[in-house]
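Note that ligands are numbered from 1 as they come in the structure, with each ligand's atoms numbered from 1 the same way.
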Amino acid sequence: MEYLHINGGRELNGSVNVHGAKNSVLPILAATLLVDGVCEIKNCPHLSDVDVTIDILRHLGAVVAFDEDVITVDSTQITDCRIPEGMMKELRSSIIFLGALAARMGNACLYLPGGCDIGLRPIDLHLKGLQALGYATTTDGNNICAESVSPRGTEIVLPFPSVGATENIILASVLTPGTTTIINAAREPEIEDLARFLNSAGARIRGALTTVIQIDGVESLHSTAHTVIPDRILATTLMSAVAATGGDVFLNNVSPTQLMPTLPAFQEMGVTVFVGKSTVRTTGNGRLRRVKSIDTRPYPGFPTDAQAPVMAALTVARGTSVIKENIFENRFRHVSQLSLFGADITVKDRIAIVNGVRHLYGTEARCTDLRGGAAVVIAALIADGESVIRDIGHIDRGYENLEYRLSLLDADVKRICNEEK
Ligand code: UD1
């Protein structure tokens, strides 16, 4: 059992690099299945979700190497079209393999990923998209299968701009004859990154970052190299920590424009943010001010993934902040853990009311999910005294060596291993 031991109440100072985006690298790795050749993916973070994705690719027959921050995938010989329960359950976003594998092999069967700790995560939009493209989808209650029956480009209107559904439709249509148009597509930067990767391999995708994405099917994709965009959620997490603890931190290797949806909240908190070409400097200015209202929305709205880390900072702001979670129905599980530190938060349905307190106090708490876990770490950094954070496997899914990055910023954080428990 590993846990984090944090001695809180210290300012964060210094400079740190932001690693590549988890939510980019996972669909890009799935997309390598479509490539007849070798893909070199740079700026990949070492995350447990990435390790599981690599295991899935190897299980399917790909040859994969991960050296420093470069993953090389040779998908020339794909031998399997099924992904078993163990692997699917390890990775909640594994449904992204459905479109890619079905397009590559003609059919694919994945164990159903099921619900997760932030909500049900239905896949109806993924399936409707694949069906419109000419795939027959079936389920036996445990597995979801897609078979290419009469693949052809078509127009698909998404009732909600789902990130995963947009990605699955792109992956299923890149090699499909004709033109596919996705209307009300998700506009997250990670979708543009996926499109840039695929286009570098010979795909013809237009309009990523807009609500209408068009894909002209091509016959095959060729070897390529690609650099993954920086992780905007890691950047926001670190900015939230500095905002609350005070200090002065440079983040390197960021895409400032991708942080725009969260910058107004930091400004409202009274934090100074200087934006460079690929850097962001965050300086705390004493006690934070409340943020009147945060509403999570699809990009370019405030990201649901940043809700928990920003909430952790607001626990010590002056005044009352109101946070509404519009994307996932069960994304306030971290609130019970923040309360253990002395935070004053009330939740009603999808709204959290955060009454800022002067101090948090060290305690023992656990990570409830990936971003909620980051919020708990921020609370421990703010808190006076010592804290122990358990269930840190959630954090390792999306933050590479978070304790090391925080240590570079003068935080007193240690990962303790081999505790008998
Ligand atoms: C992705 C991100 C996740 C982020 C989320 C929203 C990855 C690996 N994960 O998740 O970190 O929090 O985008 O920015 O990139 N929905 C349906 N039917 C569907 C699909 C989705 O009803 O078929 C609903 C979901 O229940 C949810 C909403 O749409 O309420 C958003 O989901 P979606 O955008 O699909 O998120 P993910 O792709 O799962």
Any side-chain heavy-atom pair from S75 and V35 closer than 4.5 angstrom?
-> no
For ligand 1, which atoms sit closer than 4.0 Å to a heavy atom of S93?
-> 8 (C)
Short N/O distance, under 3.5 Å, between E329 and ligand 1?
-> no
Distance filter under 4.0 Å to R331 heavy atoms, resulting ligand 1 atoms = 12 (O)
Short version for T304: what comes under 4.0 Å of ligand 1, heavy atoms counted, is side chain
Which of the listed options, P122, P161, P159, holds the heavy atom that is closest to atom 25 (C) of ligand 1?
-> P122
Result for side chain to side chain donor-acceptor pair (under 3.5 Å) between Q307 and one of E325, R331, K324 points to E325
Are side-chain heavy atoms of L263 and V280 found at a separation under 4.5 Å?
-> no
Minimum side-chain heavy-atom gap M311-L338 below 4.5 Å = yes
Distance only, no hydrogens: is a donor on one side chain within 3.5 Å (strictly under) of an acceptor on the other, for H19 and D69?
-> no
Side-chain (Q77) to main-chain (G61) donor-acceptor, under 3.5 angstrom | no
Heavy atom of E325 under 4.0 Å from ligand 1?
-> no
Is it true that atom CZ of R204 has more than 12 heavy atoms of other residues, nucleotides or ligands lying nearer than 6.0 Å?
-> no
Quick note on ligand 1: atoms under 4.0 Å from a heavy atom of G164 include exactly 35 (O), 38 (O)
So is there a nitrogen or oxygen of F328 less than 3.5 Å from a nitrogen or oxygen in ligand 1?
-> no
Could you tell me whether F160 approaches ligand 1 through its side chain, its backbone, both or neither, with non-hydrogen atoms closer than 4.0 Å?
-> side chain
Could you tell me whether the SG atom of C81 lies less than 2.5 angstrom from the SG atom of C109?
-> no
Do any heavy atoms of H126 fall under 4.0 Å from ligand 1?
-> yes
Quick one: does L125 get an N or O within less than 3.5 Å of an N or O on ligand 1?
-> yes
For ligand 1, which part of D305 has a heavy atom less than 4.0 Å away: the side chain, the backbone, both, or neither?
-> side chain
If you measure every N/O of N23 against every N/O of ligand 1, is any gap under 3.5 Å?
-> yes
Aromatic F332 / basic R350 pairing, under 6.0 angstrom, 45° off normal | no
